[in-house]
Amino acid sequence: MTAGKIDNQRMEKIVSLCKRRGFIFQSSEIYGGLNGVWDYGPLGVELKRNLKDYWWRVMVHDRDDVVGLDGAILTHPAALKASGHVEGFSDPMVDCRSCKAHLRADQLGEKKQCPICGGKDLTEARQFNLMFETHVGATADEGSIAYLRPETAQSIFVQFKNVLETARKKLPFGIAQIGKAFRNEINPRNFTFRSREFEQMELEYFCRPNEGMQLLEYWKEERLNFYENIGIPRAKLNVLNVPDADRAFYSKGTYDIEYEFPFGLQELEGVAYRTDYDLSQHQKASGKSLEYFDDETKEKFIPHVVEPSAGVDRTVLALICEAYTEDEAPDDKGKMETRTVLRFHPRMAPVKCAIFPLLKNKEPLVAKAKEIVDLLRPHMSIFYDESGAIGRRYRRQDEIGTPFGVTVDFETLGEKDAALRDTVTLRERDSMKQERVAIKDLRDMLLSRIV
Ligand code: ATP
C-alpha cells in the first residue's frame, strides 16, 4: 500500500518540532519511553481538541440524523467474541532469529528480510491477537477477563437498541463516537501513525439494506470534504477502492482514504459498508432483538450500516505534516533567513491570535495590549508575549502555526497621528502582510476568519 516518495529528513524535522514546541512527547520519556504510546503537550492537546470539536460539529451538531455516544473502554468479552475480535483480530507475526525483533509478516516486502538487522533467518508466521486483555475485580482468572476496546464501534452496536429507543430516530440515522482504542501493534512506527493507544472518530450510519451502496458513496464524499475543510487538500489524498480479496468478508464495499505522509501514502480513514453483520452477530450472541420496526412498511429487520472510521492521531499527524513549511522571511535587520512555519487552517490552529506590546517597559503599551487580551480571550485561544524583538516574537508564533498577530504600538496610543488612535497592526502568518485595524473591529474580524 505504501507508495509516493519517502522524505525521512522532513519527518525528522517534524518530530523534532513537535517535541521542541510542545505538540507531542514520547510517553514516560524520563523512564526511557513506552513504545507506541505518546502524550500530547500544551499545543498538541489544543490541536487535537480543535479537530475533534470540528468533527463533532459537522458529524453530530450540524445534522438532525446523528446522535452521539460515549462508551466505556473496558469491554465485556462476550461482545468482542460476537464481533469476531477474540477469534480473529490478529496480524501475522514473525520473529527475527538474529536480533529477536518481532515483525509484521505482511510488511516485510519482497525480500523477506528483517528491516532492522537485515537478517534472513525468520521464524514461520503465526497469528498474534492485538487486543489488550485485563482483569476486572480482585480475582484474575478466566471469568474476570475484560478487554480494552480495539475500536470504538462495538459499543455503538451493543447500545444500538438503547439509543434507538431513547433518541427516537428513524432510519437512516447515525450514532457517532470519539474515544480511545487500544491495539497491541506488533511494530508501532512512523511517529504517532501506528500507536498502541490512540483515538478514533467513528460514525455508524444505520440504513435500510437497499440504501447501503449509495450511502457508502455519500459518506466517502462527505469525508473528503471534511479533510478539505481542515486544510488537507484533495490533491494530497488518495481514495483506494479496497479490492474484494482485501475486504472483510461481510463488507460489500470499502474505501480507504489515504494521505501522502512524508513516509508514504498511508490510510487516514476507512469508509466501509458493513451490511448487517455487526448487529446480526450481537443479536445472535446476546439473544436480544436488535431489529428495527419500519412504521411505513410494517416490516421488522436488522439495519445495515455504513461506517466512516477515522483516526484522531493520524489526522493530527497529517495536519502537522501538511502545515510544515520552510520559507524565507526578513529578520529584524531586514536580512532574509529561513522561516519555519506551520500553515494550519485557522480553524485547526492551537493558538488563534498572539498579542504583542511593541515594547515591554512602556506601561501604556502593555496596558493596552492587556485590554486586547481581555477582549479576545472569551472568544478564542490567545497568547500574550512581550519578550524579545518583535520579529523574534512573530517567528515563534509562525513556528506553532498562529494565524494572526496583533501588535500594539505608539500609533495605537495616538501619539503620532490621532486618527490612528485605538488601531493595531494585524499580521497574517502566511503572507506576513500587515494591516491597520480598529480595536473595536478586531474581535469580529478575527472570528470571521477562524470559524
Ligand atoms: P491499518 O491497516 O493501518 O492497521 P486498520 O485498517 O486496521 O489500519 P481500522 O481498523 O479501519 O484500521 O481503524 C480505523 C482507523 O483507526 C484507521 O483508519 C486509523 O486512522 C485509526 N487507527 C487504526 N489503528 C491505529 C493505530 N495503531 N494507531 C493510530 N491510529 C490507528
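Basis for what follows: all heavy atoms, side chains included, without hydrogens, waters or symmetry-related copies. Everything numeric in this text was worked out from a predicted model, so none of it was measured. Counting convention: from 1, in listed order, for ligands and their atoms alike.
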Geometric N/O contact [X] with ligand 1, under 3.5 angstrom:
X	answer
E202	no
A310	no
E267	yes
E185	yes

Given [options], which has its nearest heavy atom closest to [atom]?
atom	options	value
atom 13 (O) of ligand 1	Q200, E151, E199	Q200
atom 4 (O) of ligand 1	Q266, R183, R194	R194
atom 31 (C) of ligand 1	F198, F89, F182, W38	F198

In this structure, is the centre-to-centre distance between the rings of [Y] and [X] below 6.0 Å?
X	Y	result
Y40	F23	no
Y255	W219	no
Y54	F226	yes
Y218	Y205	no

**Prompt:** So which bit of E269 gets within less than 4.0 Å of ligand 1, heavy atoms only: side chain, backbone, both or neither?
**Reply:**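 The backbone, only.
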Under 4.0 Å from ligand 1, counting heavy atoms only, is it the side chain of T315, its backbone, both or neither?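 Neither; nothing of T315 gets under 4.0 Å from ligand 1.
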- Item | Under the side chain to side chain contact (heavy atoms under 4.5 Å, CB included) test, residues paired with K288 that sit two or more places apart |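 By the side chain to side chain contact (heavy atoms under 4.5 Å, CB included) rule, K288 matches S286.
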Quiz item: I116: what forms a side chain to side chain contact (heavy atoms under 4.5 Å, CB included) with it, not counting sequence neighbours?
Solution: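 Once residues adjacent in sequence are excluded, the partners of I116 under the side chain to side chain contact (heavy atoms under 4.5 Å, CB included) criterion are C99, A101, L103, C114.
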- Message: Taking 4.0 angstrom as the limit and counting only heavy atoms of G311, give me the atoms of ligand 1 inside it, by number and element.
- Response: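 Near G311, meaning under 4.0 Å from one of its heavy atoms, ligand 1 has 20 (O), 21 (C).
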- Looking at side-chain heavy atoms only, is the closest gap between E151 and S83 below 4.5 Å?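 Not touching, per the 4.5 Å side-chain cut-off.
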*Assess D313 for proximity to ligand 1: is some non-hydrogen atom of it under 4.0 Å away?*
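No heavy atom of D313 comes that close to ligand 1.
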Pick from N129, L80, T75, L130: which one makes a side chain to side chain contact (heavy atoms under 4.5 Å, CB included) with H85?
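Of N129, L80, T75, L130, side chain to side chain contact (heavy atoms under 4.5 Å, CB included) with H85 is met by L80 alone.
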